[in-house]
Amino acid sequence: MSNELENLNKININSFQNDLISWFKREQRDLPWRKDQDPYKVWVSEIMLQQTRVDTVIPYFNRFIEWFPTIDDLADADEDKILKAWEGLGYYSRVRNLQSAVREVRETYNGVVPYTPEEISKLKGVGPYTAGAILSIAYGIPEPAVDGNVMRVLSRILSIWEDIARPASRKVFEQAVRKLICHDDPSAFNQALMELGALICTPTSPACLLCPVREHCQAFEEGVQNELPVKTKKTKTRHVQLAAALLVDDRGRFLIHKRPDTGLLANLWEFPNVEIEHPVEGERGHVDELFHTSLGLKIKLGKIIGQVEHVFSHLIWNIKVYVGKINSEYEESCDWKLVSIKEMEQYAFPVPYQKMFKMYLNQEK
DNA sequence: GAGGCGTGGGT
DNA sequence: TACCCAAGCCT
């Protein structure tokens, strides 16, 4: 590991810290989670920002803090409501883990977000990055907060040719941060590295001529800034064929179903659907049969009104959208409900089912 | 360590 | 179009 960091010796650490932090204080974006250092709000923002763009997060963050201003408010909230607050953000286990963790903070830490690496890392959904981010930003503790930005920025500055796709590589960059971090302002230092990665030291075509730490950058000096970071890994996406139905009763209510509490889109709501294991041309009676055997729904499906394609990070759904009628006497349960369009607003639906419903509303016209 | 887990934007 | 990417974590 020390070998990867040989270029650390070439950096004037004080000068680097000063150039980086003064740029950050001058140029940092005005973001809602930067208005104060409330550990709870910092925490919420860091969870939302995992694998998610700043512009996407901003409105979600504001509404989330409005709905759940404190740890107590979030701890006491209904799960359907926290999922509704997260609807459209993706990676829904984040918010369920967050609620579980704030309950833990209330019970075990008297409502105070823990401020040691050991304790904070025990919280559900708080991994090495988030732990360092909260500790440094909310508490001013000099811990590394190594995310994708930091690995990219430091791989260039220190000319580190480690493959950042390997989980083990993160430790190399944590060691680098431990050497470089400014103990007078760990919060500004960590945020500055990420801000630099977001605004200047971007994945493609970095704006080196605008970079406040260009003179410290090994990759720029060697002209290899476009070759770094090294990142392998390819995407493999599986295709899944689904048939889903908008089943409406004579009072205009739709049948919806709650997904299982683990796995993909856990505990979100959906329209009744089945996976078509072996797609067969023109076999729509087969779909009726699957609705019966898999879902216990004895109904005759109507026409197909269209198809919805949705691309996840690891798989692709293609949904054939059916319409149909259902008896008003249908017996509801905790997982199956008949709801009006207005009532539907209380339930969190993943984007593919939102697309599906919009398609239905459009063809009604 | 590898793969599951969302979504929208950029090129 | 078909990738790649964005303030990761869990199993």
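Residue numbering restarts at 1 for every chain, and letters A, B, ... go by the order of the sequence lines. Just so you know, these numbers come straight off a predicted model, no measurement behind them.
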- Message: Contact list please: residues 256-270 of chain A against DNA chain C, heavy atoms, distance less than 4.0 Å, in numerical order.
- Response: none
- Using a heavy-atom distance cut-off of less than 4.0 Å, which residues of residues 177-193 of chain A contact DNA chain B? none
- Query: Does a salt bridge link R152(A) with D147(A), judged by any charged N lying under 4.0 Å from a carboxylate O?
  - Reply: no
- Quick one: sort the H216(A) and F16(A) rings into parallel, tilted or perpendicular, breaks at 30° and 60°. perpendicular
- Query: If you check the K231(A) side chain, which of dT7(B), dG8(C), dC5(C) turns out closest?
  - Reply: dC5(C)
- Closest listed nucleotide, where the reference is the side chain of A168(A) and the choices are dT7(B), dG1(B), dC9(C): dG1(B)
- Has H314(A) got a side-chain N or O lying under 4.0 Å from the OP1 or OP2 atom of dC5(B)? yes
- Message: Does the structure place the NZ or CZ of K81(A) under 6.0 Å from the centre of the six-membered ring of W67(A), at an angle of no more than 45° from the ring's axis?
- Response: yes
- Check every strand shown and say whether R152(A) touches a base, only sugar-phosphate, or nothing at a heavy-atom separation below 4.0 Å. sugar-phosphate
Extract from the structure each pairing of a protein N or O with an N or O of nucleotides 8-11 of chain B at less than 3.5 Å, listing the distance.
| from | atom 1 | to | atom 2 | distance (Å) |
| --- | --- | --- | --- | --- |
| dG8(B) | N2 | R53(A) | NH1 | 2.2 |

- Query: When the ring planes of F312(A) and H310(A) are compared, do they come out parallel, tilted or perpendicular, using 30° and 60° as the limits?
  - Reply: perpendicular
- Item | Y129(A) side chain, from C-beta outward: closest of dC9(C), dT7(B), dC5(B) | dC9(C)
- Query: Going by number, which of residues 120-128 of chain A have a non-hydrogen atom under 4.0 Å from DNA chain C?
  - Reply: K124(A), G125(A), V126(A), G127(A), P128(A)
- Message: Under 4.5 Å side-chain heavy-atom separation, chaining through any Ile, Leu, Val, Met, Phe, Trp or Tyr, what else clusters with V230(A)? Say none if it is isolated.
- Response: W161(A), V224(A), L228(A)
- Presence of Y92(A) side-chain N/O under 4.0 Å of dT7(B) phosphate oxygens OP1/OP2: yes
- Item | DNA chain C contacts made by residues 94-106 of chain A, counting heavy atoms under 4.0 Å | none
- Task: Determine the contact category for V54(A): base if any of its heavy atoms lies under 4.0 Å from a base atom, sugar-phosphate if only primed atoms, P, OP1 or OP2 are that close, otherwise nothing.
- Result: base
